Amino acid sequence: RAEGNSGGIQISSKDISLTDGAVIGASTSGKGNAGSIIITATGNIFVSGENNNGLVSAISSEVYSTADGNSGGIQISSKDISLTDGAKISATTFGNGNAGSVNINATGNISASGESNKGLLSEISSEVYSRAEVNSGGIQIITKDLYLTDGGIINASTFGNGNAGSVNINATGNISASGESKNGSNSGIFSQVNENAQGDAGGIQIITKDLYLTDGGRISASTLGTGNAGSVNINATGNISASGESKTGFFSGILSVVNPSGFGNAGGIEIKTNNLSLTDGGIINASTYGKGNSGGIEIKTNNLSLKDGGTISATTFGKGNAGAIIINATGNISAQGEGNNENESGIYSQVTSNAEGNSDGIQINTNNLSLTDGGLINANTYGKGNAGSIIINATGNISVSGNNKNGF
């Protein structure tokens, strides 16, 4: 078994194209560190496709299962960066060493779209895999616009015994996540403790102008294993909208969740934006389905619109408390109608029938509040625990009118 460090890779170029399974990689399988990959491109970077054996094109820094050393991570400076058909930029560890961080500075745009023939998603990732007992270095991205489509993802997660690093994105333009891959994987930005893993998810921090989540596009920090789901913090100087669902029934939205197999707390969601719109089932959800507390939701906005099944929810379905929902809207709040799944548009803080825990309630400050055609504000308990209070301070008017499609 080799002992020693890898010197890493440094590349300066105009355009860089990796296709049909081509790889720029630095790795360690012995006793020593994998050197860093540093790429400076004055033009564009294009990574696409796979070879005949199904190996995808990639820029990767890896610590293999036999290794005892760290991954040096990846640093990229470029104009536009495009990942298609399962291509990836990744820093991962399978062994006894930390997965280095992925740092990308794109003066143009970044896009990740589609999957390989074997279903591998186009992705930017920093991950700890199942046999590893170390940490993921996380992802830092500076760009103009960011497009994630047809299963394209940004992902910092742990499958082993270690922490998943945070995802930090600063987009001077817009961010959009839309659709799903052919096998039903949602496009989006993820920080996750996976099933059977032990460690914390580092959470997601986003600064952008406008944020669009459509047809199942998601931003999610969650735990399916033993560890805390990190918080989601989004500051959008423009508008945020989440609308519609994927073909497999996953709604677009922003989530911080403890899943049924999870044992830990959800870090909650904090949003600052100009206008926030949730339509056609779009969701903001900080809930626990396992054993742990669901974090609170705090929203600061001008106007908030919930329509056709758009919901904001902090709910416990398992054993733990449902966090508070705090909304400060300098303009107006409206909730109208129900979605295709007959969920009424609204704001919910609940303890469900088989759950054990308290609901921390709902606090709203706004100008005008309008609930129509079944729109709801609801804090209640069906299980073992207290339902939190609802506090509304409206400097203008409050109006409630109409029924949902079932007459309620």
Side-chain angles (χ1 to χ4, degrees), residues 1-2 6-11 13 15-30 32-39 41 44-67 69-76 78 80-95 97-102 104 110-132 136-137 139 148-160 180-187 190 192 194:
R1 185 170 113 170
S6 164
I9 298 170
Q10 296 187 39
I11 297 174
S13 179
D15 298 320
I16 295 175
S17 178
L18 303 174
T19 59
D20 301 330
V23 174
I24 296 174
S27 63
T28 176
S29 57
N33 298 322
S36 58
I37 297 174
I38 301 172
I39 298 174
N44 304 319
I45 295 176
F46 178 75
V47 189
S48 177
E50 62 194 297
N51 64 18
N52 293 332
N53 295 320
L55 297 176
V56 297
S57 301
I59 300 170
S60 66
S61 177
E62 296 180 310
V63 177
Y64 290 112
S65 59
T66 56
N70 298 319
S71 161
I74 299 169
Q75 299 179 45
I76 297 175
S78 181
D80 295 337
I81 298 174
S82 173
L83 307 174
T84 60
D85 300 330
K88 65 181 182 178
I89 297 173
S90 68
T92 57
T93 177
F94 300 84
N98 295 320
S101 61
V102 177
I104 299 174
I110 296 175
S111 63
S113 177
E115 62 192 302
S116 70
N117 291 327
K118 292 187 175 181
L120 298 176
L121 303 178
S122 299
E123 67 177 357
I124 299 170
S125 62
S126 177
E127 297 174 310
V128 177
Y129 279 90
S130 56
R131 295 184 180 180
S136 159
I139 299 168
L148 304 171
T149 57
D150 299 332
I153 62 172
I154 295 174
N155 183 28
S157 63
T158 177
F159 297 83
E180 62 191 309
S181 67
K182 294 177 182 177
N183 65 4
S185 296
N186 297 84
S187 303
F190 302 92
Q192 188 164 285
N194 289 281

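Throughout, residue positions are numbered sequentially from 1 according to the sequence presented. Keep in mind the model is a prediction, meaning the values are calculated, not measured.
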(Q) Rounded to the nearest 0.5 Å, what separates atom CD1 in Ile76 from atom CD1 in Ile59? (A) 4.0 Å
**Q.** Minimum-distance pair of heavy atoms, taken over all atoms of Ala87 and Val47
**A.** CB-O, 3.2 Å
**Q.** Phe46 CZ to Ser78 OG distance, which is reported to the nearest 0.5 Å
**A.** 13.0 Å
**Q.** Rounded distance (nearest 0.5 Å) linking atom OG of Ser113 with atom CG of Asp85
**A.** 7.5 Å
(Q) I'd like to know whether Ile110 forms a side-chain contact (heavy atoms from CB on, under 4.5 Å) with Ile124, so could you lay out the CA-CA distance, the side-chain angles of the two residues, the decisive distance to 0.1 Å, and finally the verdict. (A) CA-CA 10 Å; Ile110 296 175; Ile124 299 170; 4.1 Å; yes
Q) Any sub-3.5 Å donor-acceptor pair from Glu115's side-chain atoms to Lys182's backbone N or O? A) yes
Q) Ser61 and Gly73: which non-hydrogen atoms are nearest, and at how many Å? A) OG-N, 3.5 Å
Q: Might you point out which heavy atoms bring Val56 and Ser116 nearest each other, and give the distance in Å?
A: CG1-CB, 3.8 Å
Q. Measuring from Asn155:CG to Gln192:CD, what's the distance to the nearest 0.5 Å?
A. 7.0 Å
Q | Interatomic spacing from CD1 in Ile39 to CD1 in Ile16 - rounded to 0.5 Å | A | 5.0 Å
Q) Regarding Ser48 and Thr84, is there a side-chain donor-to-acceptor distance under 3.5 Å anywhere? A) yes
Q: Starting at CD1 of Ile154, measure out to CD1 of Ile104 and round the result to the nearest 0.5 Å.
A: 7.5 Å
Q) Any sub-3.5 Å donor-acceptor pair from Asn51's side-chain atoms to Asn53's backbone N or O? A) yes
Q | Considering all heavy atoms, the nearest Asp15-Asn44 contact | A | OD1-N, 2.7 Å
Q: Indicate the atoms forming the closest heavy-atom contact of Ser125 with Glu123, along with that distance.
A: OG-OE2, 3.5 Å
Q: Please name the pair of heavy atoms, one in Ser126 and one in Gly137, separated by the smallest distance, quoted to 0.1 Å.
A: OG-N, 3.4 Å
